[in-house]
2 protein chains.
Amino acid sequence: MPRPGSQTSLEPPSSGRSTTCTAMSDILNRIGDKWSVMVVAQLGNNTRMRFSELRRAVDGVSQRMLTLTLRNLERDGLVNRTIFAEVPPRVEYELTALGETLLEPIYALWDWAGAHGNDVAAARERYDASREQEIERA
Amino acid sequence: MPRPGSQTSLEPPSSGRSTTCTAMSDILNRIGDKWSVMVVAQLGNNTRMRFSELRRAVDGVSQRMLTLTLRNLERDGLVNRTIFAEVPPRVEYELTALGETLLEPIYALWDWAGAHGNDVAAARERYDASREQEIERA
DNA sequence: CCGGATCCAGTCCGATACTG
DNA sequence: CAGTATCGGACTGGATCCGG
């Protein structure tokens, strides 16, 4: 927690945290992607995984999406892709140094999901329930 | 920073961090959304903002997307929406207690974007450049 | 085993117009 | 001011087939 006074700061938007919205937006387009987060999280646990290993670990991911996600992560300098000239072919993925710096914020999100996921689900049910009442009234 | 040893843990996938991928996936569908992150970050700075205030602050957001984002955040119990029966009408938004707990992981991401955004951009240029060479060769 | 290529349905999102 | 409604284009993502 490097930043003091992060929560409930009364400062105007453009004071301490100077990252522009557009820069943040650009990063979120890659990082905010569901599969990217899950792949990076997996590689953070396992350092060096094969394609099909990742495919099994990530759960709902399709082959196509895993390929695309890995390409984008490689393009962004977050994962290394090493091809072994063998038969049958083998490809392994691992986080780069830059990719490992992403683990901390990702784990923060991951832990938040674990800690408050049920709160969100409960709030959602409450919201939907009160909306059903409005529909009945009409 | 509640968790010790978050980074570079060598533990197998299903050891310490037990949140399932599917639960994480569910949360990421809402939280991983670009606009949600930016709106929560703004409300973390400013506590209580009006609709058009947010619209101006968030930058590229369309009216429609801001509306939808705020509805979803309200539904998830992250944002309170209070309507003032006035003319002209006024609606104010603020983070709930649950929403404020989200600030920490969001700020972590935000700061990462500020610290490493240029690294990602550089990696992207390098990648694209090396791909152009391959095209020339063909 | 890895992943490129193609097709296609579903979804998202911006623009616009209209209401309380 | 703060939305809702509708439309149409763009993009996403899954399924499938094929190639190295």
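Just so it is clear: chains get the letters A, B, ... in the order the sequence lines come, proteins before strands, and each one is counted from 1.
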Would you say B:Thr96's side chain and B:Asn80's backbone share a donor-acceptor pair under 3.5 angstrom?
-> no
Using atom names, set out every protein N or O paired with an N or O of nucleotides 18-20 of chain C below 3.5 Å, distance rounded to 0.1 Å.
none

So what is the end-to-end bend of the helix from C:dC1-D:dG20 to C:dG20-D:dC1, with 5 pairs used at each end and the value given to 10 degrees?
-> 40°
Do B:Val120 and A:Leu98 come close enough that some side-chain heavy atom pair is under 4.5 Å?
-> yes
d(CD1, B:Ile83; P, D:dG3) in whole Å | 7 Å
Whole angstrom value for the distance that separates C1' of C:dC1 from CD of A:Glu92 = 13 Å
Please check if atom CD in A:Glu125 has more than 12 non-hydrogen atoms from other residues, nucleotides or ligands closer than 6.0 Å.
-> no
Taking C:dC2, D:dG3, C:dG14 as options, the one with an atom nearest any side-chain atom of B:Arg81 is D:dG3
A:Asp33 atom CG is separated from D:dT12 atom P, nearest whole Å, by 10 Å
Report the residues that fulfil side-chain contact (heavy atoms from CB on, under 4.5 Å) with B:Arg55, sequence neighbours left out, ordered by chain and then residue number.
-> B:Phe51, B:Gln63, B:Leu66
Pair B:Arg48 + B:Glu94: basic N to acidic O under 4.0 Å | yes
For DNA chain D, the residues among residues 60-76 of chain B that have a non-hydrogen atom under 4.0 Å from it | B:Gln63, B:Arg64, B:Thr67, B:Arg71
From D:dC1, D:dG3, C:dC2, nucleotide with atom closest to A:Val91 side chain | C:dC2
Not counting sequence neighbours, which residues clear ring pair (Phe, Tyr, Trp, His ring centres under 6.0 Å) with B:Trp112? List them please.
-> B:His116
CE on A:Met38 to CG on A:Leu54, rounded to 0.5 Å | 11.0 Å
For A:Glu74, the side-chain contact (heavy atoms from CB on, under 4.5 Å) test, sequence neighbours excluded, returns A:Arg71, A:Val79, A:Arg81, B:Tyr127
Select base, sugar-phosphate, or nothing to describe what B:Tyr93 touches, counting heavy atoms under 4.0 Å on all strands.
-> sugar-phosphate
Taking atom P of C:dC13 as reference, at what distance in whole Å does atom CE of B:Met38 sit?
-> 13 Å
Separation of atom NZ in A:Lys34 from atom P in D:dG13, rounded to whole Å = 8 Å
In whole angstroms, the gap separating P of D:dG13 from CZ of A:Arg55 amounts to 15 Å
Mind checking whether B:Gln42 and B:Met49 have side chains closer than 4.5 Å, heavy atoms only?
-> yes
Atom OG1 in A:Thr69, atom OH in A:Tyr93: separation rounded to 0.5 Å?
-> 10.5 Å
Mind calculating the distance between CZ (A:Arg50) and C1' (C:dC2) to the nearest angstrom?
-> 9 Å
Drop me the distance from B:Asn72's CG to B:Asp33's CG, to the nearest 0.5 angstrom.
-> 8.0 Å
